[in-house]
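Have a look at the structure below, then the notes.
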2 protein chains.
Amino acid sequence: MGASKIDGFTPAQLHLAEYAHALGHPARIAILQFLAQRRRCLCGDIVDGLPLSQATISQHLKALRQAGLIKGHNDGPSVHYSINEKIWNRARMALGNLFLHCTPSETQETSAVVMHSPN
Amino acid sequence: MGASKIDGFTPAQLHLAEYAHALGHPARIAILQFLAQRRRCLCGDIVDGLPLSQATISQHLKALRQAGLIKGHNDGPSVHYSINEKIWNRARMALGNLFLHCTPSETQETSAVVMHSPN
DNA sequence: TGGTTAGATCGTAATAATACGATTTATCTG
DNA sequence: CAGATAAATCGTATTATTACGATCTAACCA
């Protein structure tokens with residue numbers, strides 16, 4: 001894409017867009033669901049589980065890592081990936097916030113709950 | 001980007017990625033927040049409110065419309081835009097679902113609430 | 001009808017994203 | 001050390017995105 005204009009938007013808007021952007025590809029959704037199922041898994045497990053090459057998976061993992069949503073832990077030649085709960089919760093809250101403030105009608109109370117700090 | 005591979009992913013994953021992708025730009029976040037504030041507003045209002053050209057705003061509106069998140073209502077020469085609650089709720093649920101199933105620990109009950117059908 | 005206004009669309013330049021083969025890097029093992 | 005394995009990175013072709021000026025379209029008004 002052309003580079004997005006960044007000035008004129010709030011940090012909150014930029015962060016929210018960054019999180020959503022990281023979620024904006026089916027492979028990255030699948031990777032996150034994969035990580036959630038196994039709680040912690042090798043990069044190779046993901047490669048085996050998805051219809052994409054090792055290089056492409058690695059690229060998507062990098063994108064998720066750069067957004068902060070996942071983290072990797074080196075274990076010999078392999079890497080264990082897992083969801084980064086801290087940033088994950090931030091993303092959850094940011095999106096909950098968006099839906100809270102952008103959803104009209106009585107659904108607001110329902111959405112509101114997602115915003116409460118879980119810890 | 002290169003065209004994303006689509007086969008091998010579930011419809012749910014594809015929809016989720018589509019919604020997230022639509023939210024993955026600060027201008028589109030700002031537009032949605034703008035629409036939520038005024039509940040219904042002219043395209044020109046958005047153009048005045050954001051640091052982007054009319055052509056660019058129109059392009060972002062098109063992206064949001066194609067994802068189904070907003071709808072436009074013609075009123076003479078102007079167009080009133082508003083959030084499409086039906087699809088908006090679908091997006092909210094889909095994202096709530098993702099966070100529900102991907103978030104470890106005790107935050108699950110909290111996230112779960114967002115999934116309940118509001119109506 | 002002629003002019004004005006609101007938005008969409010066109011054309012296009014610049015840049016980012018996607019995908020994958022090939023290669024590199026790093027770690028373990030014999 | 002030599003070979004094997006895991007994952008990252010490189011190189012690159014293709015396509016999408018972003019942004020904006022310019023133009024087109026449609027609806028309104030005098």
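Residue numbering restarts at 1 for every chain, and letters A, B, ... go by the order of the sequence lines.
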Under a 3.5 Å distance rule, please check whether A:His21 uses its side chain to pair with a backbone N or O of A:Ala17 as donor and acceptor. no
So, does B:Lys5 use its side chain to make a donor-acceptor pair with the main chain of A:Pro51 at under 3.5 Å?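 Side chain of B:Lys5 to backbone of A:Pro51: a pair is present.
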Could you state the atom-to-atom distance from [atom1] of [X] to [atom2] of [N] in whole Å?
| X | N | atom1 | atom2 | answer |
| --- | --- | --- | --- | --- |
| A:Leu52 | D:dA7 | CG | C1' | 16 Å |
| A:Asp48 | D:dT5 | CG | C1' | 13 Å |
| A:Ile70 | D:dA7 | CD1 | P | 12 Å |
| B:Gln66 | D:dT18 | CD | C1' | 15 Å |
| B:His25 | C:dA16 | NE2 | P | 12 Å |
| A:Asp75 | D:dT5 | CG | P | 17 Å |
| A:Asp7 | D:dT18 | CG | P | 16 Å |

Check the pair B:Thr56, B:Leu50 against side chain to side chain contact (heavy atoms under 4.5 Å, CB included), reporting the backbone distance first and the verdict last. CA-CA 10 Å; B:Thr56 302; B:Leu50 295 189; over 6 Å; no
Relative to the ring of B:His25, is the ring of A:Phe9 parallel (under 30°), tilted (30 to 60°) or perpendicular (over 60°)?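 Answer is perpendicular, since the angle exceeds 60°.
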With nearest nucleotides of DNA chain C determined for A:Gly76 and A:Arg28 from heavy-atom distances, which residue corresponds to the more 5′ nucleotide?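 Comparing both residues, the 5'-ward one is A:Arg28.
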Which is more 5' along DNA chain C, the nucleotide nearest A:Ala27 or the one nearest A:Asn74? Just name the residue. A:Ala27
What is the distance from atom CD of A:Gln33 to atom CD of B:Gln13, rounded to the nearest 0.5 Å? 4.5 Å
Reading 5' to 3' through nucleotides 5-11 of chain C, protein heavy-atom contacts under 4.0 Å coded B for base, S for sugar-phosphate only, - for none: -SBBB--
Pairing residues for B:Ser78 by the side chain to side chain contact (heavy atoms under 4.5 Å, CB included) criterion, not counting sequence neighbours: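 Here the qualifying residues are B:Leu42.
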Within the pair B:His21 and D:dA16, is there a side-chain N or O less than 4.0 Å away from OP1 or OP2?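 No, outside the criterion.
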Would you tell me if any nitrogen or oxygen in the side chain of A:His60 comes within less than 4.0 Å of OP1 or OP2 on C:dA17?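 The answer is no; no side-chain N or O of A:His60 sits under 4.0 Å from OP1 or OP2.
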Working for side chain to side chain contact (heavy atoms under 4.5 Å, CB included), residues B:Cys41 and B:Leu35: CA-CA 6 Å; B:Cys41 71; B:Leu35 290 182; 3.5 Å; yes
